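Written below as structure tokens is the structure these notes are about.
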Amino acid sequence: MSMASGDLTQGLPLFELPSLAVRLPVPDIAPWREGNAGIPGVWSQAAEEAGPHLVVSTLVHGNEISGALLASRWLREGVRPRRGRLTFVFANLAAFDLFDAADPTASRFVDEDMNRLWSPSALAGGRRSAELERVRALLPVVRQADVLLDLHSMLWPSDPLFLAGTGLEARSLGRLVGTPPLVVGDDGHAAGLRMIDHPRFAQEGARGLLLEAGPHWQPETLAQMEVAAARLLRLLGMAEEGAPIAPDAWPAPGRVARVTRTVTAATGSFAFLRDYRGGEVIARRNTLIALDGEAEIRTPHDDCLLVMPSPRVMRGHTAVRLARFEG
């Protein structure tokens, strides 16, 4: 590619932040903060009948409050497992304590992104941060999970989806849940491993799903989380009769897509050519969608799914994942 020198992104659209209106109440997690499992913020309940251990993780990012609202309400209303063990995790307590509805993006983390710290080398190393110390404290819970549902929301416009990492069993489970109707298998981020990428979920029978349920701080996102979590409980045979959870209505199985390329910004001037939305499908291969300095970012195949594009991205961070539907 031959281009004149200068700022190649001149003339490309500048993307404003989406609405930052907080339309949900700040969750009251005080009754659950001490925990009952020897770890602050971890609340675990077991049934007499043997069964799987489902861990529902919330507040991995301190400003993503929808999952904590769901977990605290289910705990308050007495949702218990019919069999197996159900554990709720309020993960990044320190970041959540900084949450301010007037500036809701500021409390994503204290020192660093908690969802990039789950590699064995990072956990075993000598480096310290508020998030690393918390991840180390939570590690025994993650190692015991048979199924992980990690609840998240999104800043940039995107259709809801499950992320299933490299696990084939996790993809199958997400597809059976059916809502949201898209499950994406990927290799994670160059910046580090997510909770669902921990080696525990590469073991036979263990499955990790990350739910990106919709826009931050919106009622429809909380509703999506509850429906997905309730259906997962029922799929695992863990829902008690008459439990105060979302109604038992089953959709068709979802679609599965596999990431073929993770685009990591190599420069500080990464820019999309237009305002793409997560879940959008680009019909033709080799379509130019972004510039990263002098490098062109093009779709590698027909019917290319855009997974959570981030119009404002820092160097070294994921800008978008490009995926192909399977089947």
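Small disclaimer: the values here were computed from a predicted structure and weren't measured. Note that these values count all heavy atoms, side chains included, but never hydrogens, waters or copies made by symmetry.
Looking only at side-chain heavy atoms (C-beta outward), W156 and P311 come within less than 4.5 Å of each other. The shortest side-chain heavy-atom distance between L86 and M238 falls under the 4.5 Å cut-off. Looking at S57 and L148, their side chains come closer than 4.5 Å, going by heavy atoms from C-beta outward. Contact of the R234 side chain with the W250 side chain is registered, since non-hydrogen atoms from C-beta on lie closer than 4.5 Å. Put simply, the side chain of R23 does not reach to within 4.5 Å of the side chain of W217, judged on heavy atoms. With a 4.5 Å cut-off on side-chain heavy atoms, L182 and F162 do not count as touching. Considering only heavy atoms from C-beta on, H189 comes within 4.5 Å of R321 through its side chain. Between R284 and C304 there is no side-chain heavy-atom pair separated by less than 4.5 Å.
With respect to the salt-bridge test (charged N to carboxylate O, under 4.0 angstrom), the residues E280 and R274 qualify. Salt bridge R116/E131: absent, no basic N to carboxylate O contact under 4.0 Å.
The distance from atom CG of D150 to atom CE of M195, rounded to the nearest 0.5 Å, is 4.5 Å. Taking CD1 from I282 and CG from D303, the interatomic distance works out to 10.0 Å, rounded to the nearest 0.5 Å. One distance of note links CG of D186 with CG of L322; it measures 12.0 Å at 0.5 Å rounding.
Across all non-hydrogen atoms, the minimal contact from A265 to M314 is CB-O, 3.7 Å. Between R83 and G51, the shortest heavy-atom contact is NH1-CA, 3.6 Å. Among all heavy-atom pairs drawn from Q45 and V79, the shortest one is NE2-O, 3.4 Å. Of all the heavy atoms in G67 and T58, the pair that sits closest is O-CG2, 3.3 Å. Contact between A323 and H301 at its shortest, heavy atoms only, is O-CE1, 3.2 Å. Minimum heavy-atom separation, G185 to R258: O-NH1, 2.9 Å.
Tested against W32, the residues W74, F88, W43 include a single ring pair (Phe, Tyr, Trp, His ring centres under 6.0 Å) partner, W43.
Side-chain contact annotation: T179 with Q224, donor-acceptor N/O pair under 3.5 Å present. Donor-acceptor pairing under 3.5 Å is lacking for the side chains of S310 and H317.
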TODO: Begin with the C-alpha distance, continue with both residues' side-chain angles, and end with the deciding distance and a verdict on salt bridge (charged side-chain N to carboxylate O under 4.0 Å, His left out) for R76 and D28.
DONE: CA-CA 10 Å; R76 186 174 64 251; D28 176 13; over 6 Å; no
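Applying the salt bridge (Lys or Arg N to Asp or Glu O under 4.0 Å) test to every pair with at least one member in residues 66-75, sequence neighbours left out, gives these pairs: R73-E77, R73-E226.
Residues satisfying the side chain to side chain contact (heavy atoms under 4.5 Å, CB included) test with A130, not counting sequence neighbours, are V110, D111.
Using bins of under 30°, 30° to 60° and over 60° for the plane-to-plane angle, the ring pair H61/H152 lands in the perpendicular bin. Note: Y276 and F272 have perpendicular aromatic rings, judged against thresholds of 30 and 60 degrees for the angle between ring planes.
For the pair R207 and F201, the cation-pi test (distance below 6.0 Å, angle within 45°) is failed.
For R277, the CZ atom counts as densely surrounded, since its 6.0 Å shell holds more than 12 non-hydrogen atoms of other residues, nucleotides or ligands.
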